[in-house]
> 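Mind looking over this structure? Questions follow.
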Amino acid sequence: MNEPLTADVPAADKNAVIELPVIELRGVRKSFGGLEVLKGVDLTVTRGEVVVIIGPSGGGKSTLLRCVNLLEPITAGKVFLEGRDLTEPGVDLNEVRRQIGMVFQQFNLFPHLTALDNLTLAPRRLLRTPRTEAEQAARELLDRVGLADKAGSHPGQLSGGQQQRVAIARALMMAPHVMLFDEVTSALDPELVSEVLDVMRDLARSGMTMLCVTHEMGFARELGDRLVFVDGGVIAEQGRPADVLDEPSGERTRQFLRKVLR
Amino acid sequence: MPAWAGPVTRYVAEGLLTTVTLAAVSVVVSVLLGTALGALLTLPSRPVRIVVRAHVEIWRGLPIIVTLFFIFFVLPVIGLGFGTFVAAAIGLCLWGSANVAEIVRGAVQSVPRGQADAAAALGFPWPGRMRHVIFPQAARRVLPPLVGLVVNLVQQTSLAAVIGLLDVLQASQRSIERLTLSSGETHAVPILGSVLAVFFVICLPLTILSRRLERRLH
């Protein structure tokens, strides 16, 4: 089905073949009732790319992210994951979502489960991974986000920063092909932001494809391969982070950056 | 001990057994049926919700005594006659299950939406989201109001006396009347007093349990 298209290509030419984008949005529109929040968005994310989405609140950033894994059903347009049209009838979205990790502003850890069980729930129930195997993988990931000693803690016993790191580890358990981050540091106390950004930096450097809605301009500048400015339901401007941040071409981008960078 | 105490106690104790049986049947059926109905109320399917919602609103909205009269006096007209115990049990189960359904629905919907989002994002289909993420959290929220409803249901069993069920209340009532007719004296205070004590003894621990559960939740 979705075998890499590079399979038939002689080894020497492999690098020359343009790989399918991990995520591609084409003319995506989304309305809530009569209110159109996304007014035709085209966005392509290639493998290993870190795309940072910024923009004023109410501009459609989070909705855009939620449309990528179709947590919000879209009104018009198409969404592709590695070349596969997710809006086709008959596509098993639950199966598709396993390949798209998502981290939320409010963490959304399962409060009735320990950190370890939060991580193992999906692999054990959805992939039928044996318990011992899942727990070993979970402990390794918890160690990677610096929380090896918190495996037995419930979310209520963890700080916001710790909860968010568990949430990132939970998403990574499904070995996703791309990670979506929805303002993951916005609900944190300022002193806890950096520990979460550290994990994201680590992830970006490991080559993970990432789509991040954020207000952290420093993060965008440091790790973003591309910065996308969303306003009024469309992509108003995009480019290399340094270019957009330092010399925005659009008036709306300028106004927005003047407010947030002050 | 007066001479009448022995026979009256035996008579009232039989009534108490009926009351306890009625309460037990009503509680068990109400909780099971109500949980199922409440779960149906959270289904994405609109027709299912409308049908269940209508059922719940009817039996929750009617005073239990009206339901009991309806079942006992009206249904026989169309050939559905029940004994007093069965009629009382049906009425209480309809009322109880409708209320349990509301409690369950409320608890499920009180689980923050982000929980279902997170489960969906991991790839859980709807039944898995409910089973592994929503229901375990809803179950804790259900317990305090559910125990409260059980107390209420136990108390409401005494309404069965109005359709003639020989429960603890009816038994004591008849004992008082008989004693008054035979001896000319009324013994309402000790007899009704013990009925009061019995209900108190059954319900108080449950009320305390409910309060404990509620405190643990917060």
Side-chain angles (χ1 to χ4, degrees), chain A residues 62 65-73 81 92-113 117-128 154-156 163-164 166-184 187, chain B residues 31 35 38-39 41-50 100 103-147 209-218:
Chain A
S62 286
L65 210 61
R66 291 170 63 88
C67 286
V68 171
N69 60 0
L70 294 170
L71 224 44
E72 297 292 351
L81 174 70
D92 181 358
L93 282 179
N94 297 310
E95 190 265 323
V96 166
R97 288 184 187 128
R98 295 178 196 171
Q99 298 161 43
I100 307 177
M102 188 164 195
V103 186
F104 300 86
Q105 182 174 356
Q106 299 297 337
F107 330 134
N108 296 347
L109 289 180
F110 306 135
H112 59 298
L113 301 178
D117 290 340
N118 262 276
L119 266 65
T120 58
L121 183 70
R124 286 184 57 203
R125 300 295 176 181
L126 296 175
L127 309 177
R128 300 277 154 212
H154 280 81
Q163 288 190 54
Q164 196 59 297
V166 172
I168 294 173
R170 178 176 69 178
L172 290 174
M173 281 295 285
M174 298 300 276
H177 300 193
V178 52
M179 287 279 285
L180 311 177
F181 292 88
D182 188 5
E183 301 199 26
V184 296
Chain B
V31 169
T35 305
L41 282 174
T42 66
L43 281 183
S45 158
R46 203 177 149 80
V48 171
R49 284 205 314 266
I50 289 174
V100 171
I103 290 175
V104 169
R105 182 201 58 78
V108 167
Q109 292 185 346
S110 74
V111 177
R113 191 179 153 190
Q115 292 290 310
D117 278 351
L122 284 167
F124 279 101
W126 188 84
R129 280 172 232 164
M130 296 310 271
R131 184 173 150 213
H132 298 298
V133 175
I134 306 299
F135 280 153
Q137 295 183 57
R140 304 171 174 205
R141 294 159 199 250
V142 151
L143 278 178
L146 190 62
V147 176
L209 175 68
S210 171
R211 199 150 353 119
R212 282 245 175 98
L213 289 170
E214 205 156 337
R215 245 200 322 251
R216 216 186 53 185
L217 197 68
H218 293 303

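Because only heavy atoms are used, hydrogens play no part in the values below, and waters and symmetry mates are left out as well, while side chains stay in. Reminder, nothing fancy here: chain letters follow the sequence lines and each chain counts from 1.
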> Does the R125(A) side chain pair with the main chain of G128(B), one donor and one acceptor, at a distance under 3.5 Å?
no
> Please find the pair of heavy atoms, one from M173(A) and one from L119(A), that lie closest to each other, and give the distance.
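Result for this residue pair: CG-O, 3.4 Å.
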> Side chain, backbone, both or neither: which part of R66(A) has an atom under 4.5 Å from a heavy atom of chain B?
side chain
> Which residue out of V103(A), N69(A), L71(A) racks up the most heavy-atom pairs below 4.5 Å with chain B?
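If we count pairs closer than 4.5 Å to chain B, L71(A) comes out on top.
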> Do F181(A) and I168(A) touch side chain to side chain, with heavy atoms closer than 4.5 Å?
yes
> So, N118(A) side chain and F110(A) main chain: donor-acceptor pair closer than 3.5 Å or not?
yes
> Quick check on F104(A) against chain B: is it the side chain, the backbone, both or neither that has a heavy atom closer than 4.5 Å?
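Just its side chain gets close to chain B.
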> Can L41(B) and Q109(B) be said to form a side chain to side chain contact (heavy atoms under 4.5 Å, CB included), step by step?
CA-CA 10 Å; L41(B) 282 174; Q109(B) 292 185 346; over 6 Å; no
> Sort by residue number and list every residue of residues 93-102 of chain A having at least one heavy atom under 4.5 Å from chain B.
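Near chain B, by residue number: N94(A), R97(A), R98(A), I100(A), M102(A).
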> Okay, side chain of R49(B), backbone of L43(B): is any donor-acceptor separation there less than 3.5 Å?
yes
> Let me know if L70(A) has heavy atoms under 4.5 Å from chain B in its side chain, its backbone, both or neither.
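L70(A) has no heavy atom closer than 4.5 Å to chain B.
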> Is it the case that the side chain of Q164(A) and the backbone of V184(A) share a donor-acceptor pair, with hydrogens and angles ignored and the cut-off at 3.5 Å?
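Yes, because the side chain of Q164(A) sits within donor-acceptor range (under 3.5 Å) of the backbone of V184(A).
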> Say whether, by atom type as modelled, one donor and one acceptor occur between the side chain of H112(A) and the main chain of H132(B) under 3.5 angstrom.
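Here the side-chain-to-backbone pair exists.
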